Protein chains: 4
Amino acid sequence: MINVGLIGFGYWGPNMARNVQENSGMRLHSICDLDAQALDLARQRYPGVLCTSRADELFANAQIDAIIIATPVNTHHQLAAQALELGKHVLVEKPMTDKVATANKLKELAARMGKVLMVDHTFVYSPAVQTLKKIISSGDLGDILYYDSVRINLGLFQHDINVIWDLAPHDISILNYTVGKQPRWVSAHGSSHVGNHLENVAYVTLGFEDDFLAHFHVNWLAPVKIRQTLIGGSRKMVVYNDMEPTEKIKIYDKGIDVIPQNGIYETLIQYRTGDIAVPHLENREPLKIEMEHFVDCIQNGKVPWTDSHAGVQVVKVLEAAQESIKQNGIPIDIG
Amino acid sequence: MINVGLIGFGYWGPNMARNVQENSGMRLHSICDLDAQALDLARQRYPGVLCTSRADELFANAQIDAIIIATPVNTHHQLAAQALELGKHVLVEKPMTDKVATANKLKELAARMGKVLMVDHTFVYSPAVQTLKKIISSGDLGDILYYDSVRINLGLFQHDINVIWDLAPHDISILNYTVGKQPRWVSAHGSSHVGNHLENVAYVTLGFEDDFLAHFHVNWLAPVKIRQTLIGGSRKMVVYNDMEPTEKIKIYDKGIDVIPQNGIYETLIQYRTGDIAVPHLENREPLKIEMEHFVDCIQNGKVPWTDSHAGVQVVKVLEAAQESIKQNGIPIDIG
Amino acid sequence: MINVGLIGFGYWGPNMARNVQENSGMRLHSICDLDAQALDLARQRYPGVLCTSRADELFANAQIDAIIIATPVNTHHQLAAQALELGKHVLVEKPMTDKVATANKLKELAARMGKVLMVDHTFVYSPAVQTLKKIISSGDLGDILYYDSVRINLGLFQHDINVIWDLAPHDISILNYTVGKQPRWVSAHGSSHVGNHLENVAYVTLGFEDDFLAHFHVNWLAPVKIRQTLIGGSRKMVVYNDMEPTEKIKIYDKGIDVIPQNGIYETLIQYRTGDIAVPHLENREPLKIEMEHFVDCIQNGKVPWTDSHAGVQVVKVLEAAQESIKQNGIPIDIG
Amino acid sequence: MINVGLIGFGYWGPNMARNVQENSGMRLHSICDLDAQALDLARQRYPGVLCTSRADELFANAQIDAIIIATPVNTHHQLAAQALELGKHVLVEKPMTDKVATANKLKELAARMGKVLMVDHTFVYSPAVQTLKKIISSGDLGDILYYDSVRINLGLFQHDINVIWDLAPHDISILNYTVGKQPRWVSAHGSSHVGNHLENVAYVTLGFEDDFLAHFHVNWLAPVKIRQTLIGGSRKMVVYNDMEPTEKIKIYDKGIDVIPQNGIYETLIQYRTGDIAVPHLENREPLKIEMEHFVDCIQNGKVPWTDSHAGVQVVKVLEAAQESIKQNGIPIDIG
């Protein structure tokens, strides 16, 4: 039985708590939040759980094996570092930290301490993304040509981070996990309409070796909720629409065949249109699967699907995107 | 009665021919195409119409009042210039020409000759875009904050131009016509997967005064056909989905209210969610309306909604986008 | 504070429990279920609540003010009758009972005891149906001409009742509440594909005075989930699609104008197509609103929106539909 | 080369004319219509074709091999009979005639004359229905359990027939062609809201041997256009949505497994949910395929997919539905 201390009982923390509670390998030992009202709610829901406003208590408590951090991103580094140093396993909400430097430090610290450091890139654990990975890994799509994601809605405006730091971690982590290529540069544009210099709409382009291109549209000020990803392959193409209740992934046996002729103007392009397949997806909550995986990693020494390396990769892209916006779209190398 | 000579009877020309034929103010006088098979088809469909492979014949024919050009873009300048010089009115397919310099020359020539020079930005004449313009002009949306368009499908790969020159003219002309602001810079990324250096997927960002941002995703290699534009306003927002058979435009009484407090971190953002209105759209073919407008401009000296100035503006953005792609996304000024 | 005893902790009971718990005017006093496993779950979730397998204990307990019944329908009459006789207010799951005779008895008993007897026609409390009622009551639709509902999916096959008794109570209660007309006859067809003589697909037609017609398609064996109701009015029409996350109700300013001429063959029918309006709906759980209403009725002597009269009306239609199926669609009078 | 005379150039006739014209095995010889305006339009579109208001001329003309009839249904019998008697092949718009008696007479007459008598059940020739037939014939769906079709929109009110005679022929002919079972009885309800006793909304139920049930909802007064058919099988299920531009048919590997236990209340029902397959459909106009088939039948003595027998079957159901409506839903035998 793994004793878990949860830091942060705001927006996402309660989901963490519920999934810890429902996992037979974990026990929700303590909850920490600075906000009195949040703590009251935690006490009411979990009568037997220690509730405190002091994170130190959790770190110092020898009974606690693992710390879950669901606090604002600018606190991630310090909290995770303390937890690791005191020998706790750590699951930290995305993004891992707010700087590549601190993300790398955490990664090294976890390695030195021999503890699990997992980043809560929740979507990676969803049946849809797991299926997507299988499809791409199978090679059925042929060469992956582009990856396009739209993640927009009338969303919760954050007060400390812009829309890229809030929403793009989902796309970057899904892209990393399923396609597995590392971008060479990042270019981004964005705009802030709230007067606080935090972009609420942004476009991020990632450049790769060969002609693979990835692009994200993230937006907190859209009238409709869209969660749609297109993946173009040389043989087949995929649409992943997370708003569909069940038919989230469609595989299109559709594309073009390029038949070189004499000279480029002679290139013959033939279109193919075949059947569409909609794979059945297991109906399980991603966070539940993630918790099982966290337990598995702690108990059996496995490497998390979303380990600290994946966490660093995400922060690298975010930091570069931020820098590119400042420089009006100049591509920033992240070799 | 305006006698019309049509040059080009390939993909789009036949639609032009049909709409000239059905317009009571015009007569389809001649059809010109270099391709024998296309000419045969023209002869079969329009028995009484002069069919020729020599454009000169049309220019020289004093009976012909107006020339419609539906040929590859690299021929537009020369054909339109000849027509104008010989005193014909001209309707030229989009984009107007393949260079800003030649587009400007045509514009000056038309002015000097006192002839109508109209660019076939067809969408501008659609009931949906006309309604969009009314909505935006009414001020109901408040300040326009962003304009986002996705125009993708498994499309006809062109052999002489990339996907931006093929599809983005629609978006640029709709944006210009409805929002009416001029961009200051253009940034673009794209990729070619066919081996001919013509991009088949591209992302174009347009920067404007204040914080207004426009973005187009154009793609010839997408598994699904999407024609969707989001327009974010400070008071209301619009979704224009051209794939919807009738409910193309939805106006969302949705948005945020920014209430400044002490310091930026205190800014209070209140969300508003109200009714949605779906205006009724006339069910008429845009090209039919465009032809009526062309007649009206010729007969009554009106300035076309899509005049040569609008044509030049579109080519400016295209040329800058092309240049930006070459420089990997560096923003190109188009002051 | 109203003390509530809940009987039945199977499929629907836990939702009842949660909403009682979250209502500040109620206290979840006891839970009763015959199934040991269900009781264990109840004990785990609600540590302070009395859990028992004997309903008698709840009826006998003077502290309990109201009984909520969420058990199989064939037990409703007996349980509700006992509760009422011992002076409890009652909220009983739909359908009220499995016979018109017993439904009427309960109704009379509640009146005699002066207690609230409310039927859990949950949809009536949904923001969508509340809005529907307002639209219809306003007269904006003109005369109501037809009401058509499709309520199908791959559903939970019940072992004691057929698909009509399971799903049609929703449609009948919504129809009664919003349109308010009483049907004169019921005709129904159905089929059983499981070998247990319980229909899993059925069509129910309700006939009314004048030319108003209502029709329900209910189906447990459909590949897709559809919850769609069309309401045709002489001036406007409504589509209520409960599967839409937010845009559940659309009002179409669409219809025909009948202009009598000489003789019926001369009748001129003019079509009207105008705007569509999508009213904003409050985002609240219907059961939460229902619980507040139950409290309001108990404390302030109000008549429930879904009172015993409404409950009887629903059972009347169900019983007649059942009889009609037996007689292969012969219409059954329910004057 | 088959010379064709077309009678009727109103709503559907022009589509017939165009498809005859574009078929290389046919020549559009003559067009007949009683309406002067329709004839003028015919003359304008088809300069070389004989246009007349007298059908006799067509029957008498020895050059004409086949007659296509696209006139009001009450004229079908007389026109088709005359054509057949004078040795013409006949393609008659659906429904074949307005009475079973006359439909049977035509059928016999065609047999006696040795001529092709084909009924224009256009949908049967669509790639979607052809694919549907293949799916059902393959046995992949298992036993066919139910067939449910909704065919509604704000439609053209007919002045001589009700909505069943107008729209249900599509459903009946598709059902007959794909499932191939003959109904034993028909029950129907409908309502007229125009004051001319012609139903504009109707529900038709067809009963078959075993527990197979078919049901059609047809409606001229619906705010939205729906063309959706559900086919429930014991192993798989199909949704055929004709409004989808390309993904018209979806095959759901979804259903239940019935596992008999001790006693019916013990029956275990297991749910299966698997992948969905969307077969690619050829993009061809059904009427074009139908014309090719008509030529093939005439030239090669083949039996039309929609022969006179199929035509009679459709009229049988229509007549019975009409009678059932008169008797308020009493099922009418059509053994």
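Within every chain, numbering begins at 1; the chains are lettered A, B, ... in the order of the sequence lines, protein sequences first and strands thereafter. Computed from a prediction, not measured in an experiment: that's the story for all the values here.
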How many angstroms lie between atom [atom1] of [X] and atom [atom2] of [Y], to the nearest 0.5 angstrom?
X	Y	atom1	atom2	result
D:Thr246	A:Ile276	OG1	CD1	5.5 Å
A:Asp275	D:Ile249	CG	CD1	11.0 Å
A:Glu282	D:Thr273	CD	OG1	12.0 Å

So does [X] have more than 12 non-hydrogen atoms from other groups sitting under 6.0 Å from [atom1]?
X	atom1	result
A:Tyr271	OH	yes
A:Asn283	CG	no
D:Arg45	CZ	no

Is there a side-chain contact between D:Glu247 and A:Tyr252, using heavy atoms and a 4.5 Å cut-off?
yes
When the 4.5 angstrom heavy-atom criterion is applied to D:Lys250 and chain A, the contacting part is side chain
